[in-house]
Amino acid sequence: MNPTHTLLPEHRLNELINALVEQGWYVGHDFISPSLHAPLFDEVMRKAEHNALTAAGIGRGRDHHRRTDIRGDTIQWLNRESQAQRRYLDAMGELQQALNKALFLGLFEYEAHFAYYPAGAFYKRHLDSFRGRANRVISTVSYLNPDWPSDAGGEMAIFTPETAAPVGQDCEEEQQIIARVQPKAGTFACFLSEQIPHAVLPTRLPRASIAGWFRVNTSLNSTVDPAH
Ligand code: OGA
Ligand code: MN
């Protein structure tokens, strides 16, 4: 790749890094260019039409199972099979380098999947990673729908960050929605996987996105880390 050509402008990367440090999450509009999100949208819609996507599950490795009462999306992992995928993954590689340089996170891998939520689907409030099994460190979501009417639902809700609760205190009721993200093409969300609870509110229209995670290498602590 031409080293002077970058997919993500430096001032947007700086804006993202500052927000992650200050509040643990970032949402940037017009962050991904139309020349990149348009072919990705075409690709995921084609896959959805041809039933090439698989019902998503929850949990990893042997714990993985389907729970449509928790999440209703269908997915396919990115594998660099198209030019659009390669460019997207290259852009995330630039983000990985910028995060490692600024925050010494030691991120070593990025994994991402297309996600397609049919009308009526949702993903209940969850964390993408749990402390103690630190593998997913930073979550990313790129939205792909070129138009998103404001009454179509399907927002990503971001909740108050999780902090260590005093013993015996039930934090559940204190969870407040602090931001709502319209899933419109070009918008990019990024947050700390272990600390930012989030949800996909029920969508009224088919909703396409790419969810991804930067990971650290956990193969050192004697268990083999499953790929997905
Ligand atoms: C996920 C997720 C959010 C979104 O896939 O883990 O939370 O807005 N996605 O698609
Ligand atoms: Mn999530």
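Note that ligands are numbered from 1 as they come in the structure, with each ligand's atoms numbered from 1 the same way. Numbers here simply count residues along the sequence, with the first being 1.
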Check whether any side-chain heavy atom of Ser142 lies under 4.5 Å from a side-chain heavy atom of Leu36, and answer yes or no.
no

Mind checking whether Ser209 has a heavy atom under 4.0 Å from ligand 1?
yes

Region of Lys124 that comes within reach of ligand 1 [heavy atoms, distance under 4.0 Å]
neither

Between ligand 1 and His113, is the shortest N or O to N or O distance under 3.5 Å?
no

Residues Arg87 and Glu43 bridged, charged N to O under 4.0 Å:
no

What's the shortest distance from atom 1 (C) of ligand 1 to any protein heavy atom, and which residue and atom give it?
Tyr123 CE1, 3.7 Å

Which of the atoms of ligand 1 are close to Tyr143, meaning less than 4.0 Å from one of its heavy atoms?
4 (C), 8 (O)

May I ask whether Phe191 places a heavy atom under 4.0 Å from ligand 1?
no

I'd like the atom name of the N/O/S atom in His126 lying closest to the Mn ion (ligand 2).
NE2

Are Asp90 and Arg80 close enough that some pair of their side-chain heavy atoms sits under 4.5 Å apart?
yes

Evaluate the side-chain proximity of Ile138 to Leu192: yes if any heavy-atom separation is below 4.5 Å, no if none is.
yes

So Leu8 and Ile32, do their side chains get closer than 4.5 Å, heavy atoms only?
yes

Any atoms of ligand 1 less than 4.0 Å from a non-hydrogen atom of Ala211? List them with their elements.
5 (O)

Is Arg207 close enough and on-axis enough to Tyr117, meaning under 6.0 Å and within 45°, for cation-pi?
yes

Protein residue, atom and distance nearest to atom 10 (O) of ligand 1, heavy-atom basis:
Arg207 NH1, 2.9 Å

Polar proximity ligand 1 side, His126 side, N/O cut 3.5 Å exclusive
yes

Report yes if the side chains of Lys184 and Tyr143 come closer than 4.5 Å at any heavy-atom pair, otherwise no.
no

Can you check whether Phe214 reaches Met92 side chain to side chain, under 4.5 Å on heavy atoms?
yes

Is it true that Glu155 lies under 4.0 Å from ligand 1, counting heavy atoms only?
no

Taking the N/O/S atoms of Asp128 one by one, which is nearest to the Mn ion (ligand 2)?
OD1

Is there a path of hydrophobic side-chain contacts, each under 4.5 Å between heavy atoms, that joins Ile177 and Tyr123?
no

Could you check if a side-chain atom of Pro183 sits within less than 4.5 angstrom of a side-chain atom of Val141, using non-hydrogen atoms only?
no

Go through ligand 1 atom by atom and flag the ones less than 4.0 Å from a non-hydrogen atom of Val200.
3 (C), 4 (C), 8 (O), 10 (O)

Using a heavy-atom cut-off of under 4.0 Å, does the side chain or the backbone of Asp128 touch ligand 1, or both, or neither?
side chain

Need the ligand 1 atom indices (1-based, order shown) with element for anything under 4.0 Å from a heavy-atom of Trp213.
6 (O)

